[in-house]
Amino acid sequence: MLFLLGAENLKDKFALKVNSSSFFTPVYLGVFMTVIVARTSTPEGEAALTASIEEARRRQEDLVVFNLEGTQLDPEGTELQGVPVTYRSPDARDHDAVGDFLDAAEEVDASAVVIGVRHRSKVGKFLLGSSAQQILLEANAPVIAVKSRSL
């Protein structure tokens, strides 16, 4: 048997929105839900951007593109393929872009985090660590990890 503590407050915080395809989408009342993507100029970064646009469209949510490299990789605008988008970058004074990304995900109360991943050997993972691994372990939202199609 499953017991939910504070379940009486859930109905006060969430509403169901019916979208055009007859699905119900949970909406946090007073706050727009957001998908955030860790964007890089690599094939994995391109795959993550494509997947995040599809995910934001599927969820009917806004998209935050966080340029991990600190440079603007996409043209400025308010939409990407019909999805409302905003751009963020790590703090130039800080040397922890992944930490800034995780902070941004918390700040926007992301409903999903999208990252690109690549194959690495076990030794490579042990010696070099992994930004993707840090995000997978520390993000408070579900993480969607995608690979690029190129090998």
Side-chain angles (χ1 to χ4, degrees), residues 6 9-10 13-17 19-21 23-151:
N9 294 330
L10 290 179
K13 293 181 181 179
F14 288 91
L16 291 177
K17 177 174 71 173
N19 62 29
S20 61
S21 59
F23 289 104
F24 293 97
T25 304
V27 178
Y28 189 70
L29 297 177
V31 178
F32 292 103
M33 304 284 281
T34 304
V35 173
I36 189 168
V37 59
R39 177 83 162 96
T40 61
S41 60
T42 63
E44 294 80 19
E46 292 294 326
L49 180 63
T50 301
S52 67
I53 292 169
E54 292 171 9
E55 187 66 19
R57 184 178 294 122
R58 185 184 70 76
R59 292 172 180 253
Q60 296 184 344
E61 296 179 357
D62 293 346
L63 176 64
V64 173
V65 176
F66 191 94
N67 291 299
L68 278 177
E69 297 168 348
T71 57
Q72 183 63 31
L73 299 172
D74 303 297
E76 278 291 334
T78 58
E79 284 192 355
L80 270 178
Q81 300 177 17
V83 175
V85 64
T86 55
Y87 298 92
R88 309 233 356 220
S89 294
D91 185 348
R93 299 167 292 177
D94 195 1
H95 296 289
D96 185 16
V98 173
D100 288 347
F101 172 74
L102 291 167
D103 290 345
E106 285 291 312
E107 185 180 312
V108 300
D109 196 24
S111 63
V113 173
V114 182
I115 60 172
V117 294
R118 67 177 185 273
H119 176 74
R120 294 187 315 152
S121 69
K122 291 180 183 178
V123 173
K125 290 176 191 174
F126 177 74
L127 293 176
L128 301 175
S130 169
S131 297
Q133 183 176 3
Q134 182 181 354
I135 293 168
L136 284 167
L137 294 174
E138 295 181 18
N140 289 327
V143 178
I144 301 167
V146 296
K147 292 182 183 179
S148 69
R149 293 199 183 270
S150 62
L151 296 175

Check: Thr50 and Glu54 side chains under 4.5 Å, non-hydrogen atoms: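 Answer yes - side chains close enough.
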Would you say that Arg88 contacts Val108 through its side chain, given a criterion of any heavy-atom pair below 4.5 Å between the two side chains?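 Answer yes - side chains close enough.
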Measuring from atom [atom1] of [X] to atom [atom2] of [Y], what distance do you get when rounded to the nearest 0.5 angstrom?
{"X": "Tyr87", "Y": "Leu63", "atom1": "OH", "atom2": "CG", "result": "8.0 Å"}
{"X": "Glu138", "Y": "Phe101", "atom1": "CD", "atom2": "CZ", "result": "12.0 Å"}
{"X": "Glu79", "Y": "Asp62", "atom1": "CD", "atom2": "CG", "result": "10.0 Å"}
{"X": "Leu49", "Y": "Gln81", "atom1": "CG", "atom2": "CD", "result": "7.5 Å"}
{"X": "Leu80", "Y": "Thr86", "atom1": "CG", "atom2": "OG1", "result": "10.0 Å"}

As a quick check of understanding, evaluate salt bridge (charged side-chain N to carboxylate O under 4.0 Å, His left out) for Glu55 and Arg58, giving each step before the final call. CA-CA 5 Å; Glu55 187 66 19; Arg58 185 184 70 76; 2.5 Å; yes
Tell me the closest heavy-atom pair linking [X] and [Y], and the distance in Å.
{"X": "Asp91", "Y": "Asp100", "result": "N-OD2, 2.9 Å"}
{"X": "Ala141", "Y": "Ala110", "result": "CB-O, 3.3 Å"}
{"X": "Asn67", "Y": "Pro90", "result": "O-CD, 2.9 Å"}
{"X": "Ser111", "Y": "Pro142", "result": "O-CD, 3.3 Å"}
{"X": "Pro84", "Y": "Gly82", "result": "CD-O, 3.8 Å"}
{"X": "Glu44", "Y": "Val117", "result": "CG-O, 3.2 Å"}

Ignoring hydrogens and geometry, is there a side-chain-to-backbone donor-acceptor pair from Arg118 to Thr42 under 3.5 Å?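 Between the backbone of Thr42 and the side chain of Arg118 there is no qualifying donor-acceptor contact (under 3.5 Å).
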Run the side-chain contact (heavy atoms from CB on, under 4.5 Å) check on Leu136 and Ile115 step by step: do they pass? CA-CA 9 Å; Leu136 284 167; Ile115 60 172; 4.2 Å; yes
Please walk me through it: do Val37 and Val35 pass side-chain contact (heavy atoms from CB on, under 4.5 Å)? CA-CA 7 Å; Val37 59; Val35 173; 5.8 Å; no
